[in-house]
Amino acid sequence: MTNPPADPAEEVLAEAMGHLYPAALRAAALLGVAEQLADGPRDPADLAGAVGANAPYLRRLLRFLATRGVFREDEDGRFHLTPRADVLRADAPRTVKPSVLAITSEFIWLPTTHVVEAVRHGRPAFDRRFGHPFFDHLAAHPAEAALFNEGMANFSATEDERITAAYDFPGSGVVVDVGGGYGALLLGVLRARPGLRGVLFDQEAVLAGHVLGRLGEDDRWEVVAGDFFESVPEGDLHLLKNVLHDWSDEQCVRVLGNCRRALRPGGRVLAVEAVIPPGNDPHFGKLLDMSMLVLLTGHERTEPEFRELFDRAGLRVTRVVPTAGALSLVEAEVAD
Ligand SMILES: C[S@@+](CC[C@H](N)C(=O)[O-])C[C@H]1O[C@@H](n2cnc3c(N)ncnc32)[C@H](O)[C@@H]1O
């Protein structure tokens, strides 16, 4: 049987209801449904008892998620784990549960209802909804900050291996992870290059959750708290992963200028970002850019935009290296 031709009206209408999918993912993640199916399929009544839910409502939730390949209902009405449901399990090797809970949390989601205001005025929707900028909000709300930082660390986990595989990190010297969050990428880089030392630079409250102790060699790293708009620690390679996209061009030029001043001779700056390609095809960077539009003053950039930005900070882009994922590495050196 062939599918009927697409009806644009029906398609757009269904897409306008698309928010119900992340809402359903969030509910399943909060209830811990995937964890309860790890040992085999269960029927809704049994499952509802295990997760503390209403059985008929839970069945409706899972029936909808099954249309996206998240859980599967069999002929006997039992629900099974699928690969797409398994990643909602907290202990799954490739879990995305912390990211799902952060991305769908109220403080990140609610400002999306103000996208039109952001577009009209060229200002983040977040500021309009909450009356202050995103990172100021996190500083004042530790529980939401923890949710965001854990989400970021989890979000990064899928990318970090691809980054260390794609770039020939130096074998010696000091790498500074500027705005490095909990330091998962830095940990991966230090593991891959035993002769390298690392500095994790971020805001004090964030550094409290760092993971560098897992390296097992405490003399190879240090954490430094500070404000990258003021200065950054000295080093041979300044890593900025998903940092520039948070900020306006003027703000980025300040951060990059501070990196340039802190670079040792022959050093490099390495920005890791979703470089947006030309054309209309879907690209993760275009999706992430909507998130920037809602939350922050920054935006995702094209390669020419990165070249211009680095140029304004006295840096010259030497190459753009793709990774196996959505992010690319924009490498730069001090311009003459
Ligand atoms: C989007 S997160 C990226 C974290 C990490 N690089 C990653 O990819 O997982 C941006 C980071 O910048 C840090 N940050 C924001 N403003 C900062 C500032 N003024 N000085 C230093 N770090 C800052 C945040 O605390 C956060 O960890």
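For the numbers below, each heavy atom of this structure counts, side chains included, while hydrogens, waters and symmetry mates do not. First listed ligand is number 1; within each ligand, the first listed atom is number 1. Just so you know, residue 1 is the first one in the sequence shown, and it goes up from there. Because the structure is a prediction, the values reported are computed rather than measured.
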> Kindly tell me which protein residues have any non-hydrogen atom under 4.0 angstrom away from an atom of ligand 1, grouped by chain and ordered by number?
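Ligand 1 pocket, heavy atoms under 4.0 Å: Phe135, Met152, Ser156, Gly179, Gly180, Gly181, Asp202, Gln203, Val206, Gly226, Asp227, Phe228, Phe229, Lys241, Asn242, Asp246, Trp247.
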> Please state whether the rings of His137 and His132 are parallel, tilted or perpendicular, taking 30° and 60° as the class boundaries.
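Judged by the thresholds at 30° and 60°, the geometry between His137 and His132 is tilted.
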> Hey, can you pull the donor-acceptor pairs under 3.5 Å for the side chains in residues 32-39, sequence neighbours left out?
unit_1, atom_1, unit_2, atom_2, d
Glu35, OE2, Ala90, N, 3.0
Glu35, OE2, Lys97, NZ, 2.7
Gln36, OE1, Arg42, NH1, 3.0

> Has Arg68 got its NZ or CZ under 6.0 Å from the middle of the six-membered ring of Tyr21, at an angle within 45 degrees of the ring axis?
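Yes, Arg68 lies over the aromatic ring of Tyr21.
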> Can you list every ring pair (Phe, Tyr, Trp, His ring centres under 6.0 Å) pair that touches residues 185-212, not counting sequence neighbours?
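Those involving residues 185-212 are His210-Trp221.
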> Taking the six-membered ring of Phe126 (Phe, Tyr or Trp), confirm whether the NZ or CZ of Arg129 is under 6.0 Å from its centre and within 45° of its axis.
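Ring-cation test returns no.
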> According to side chain to side chain donor-acceptor pair (under 3.5 Å), who are the partners of Arg261, at least two apart in sequence or on a separate chain?
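So Arg261 forms a side chain to side chain donor-acceptor pair (under 3.5 Å) with Asn258.
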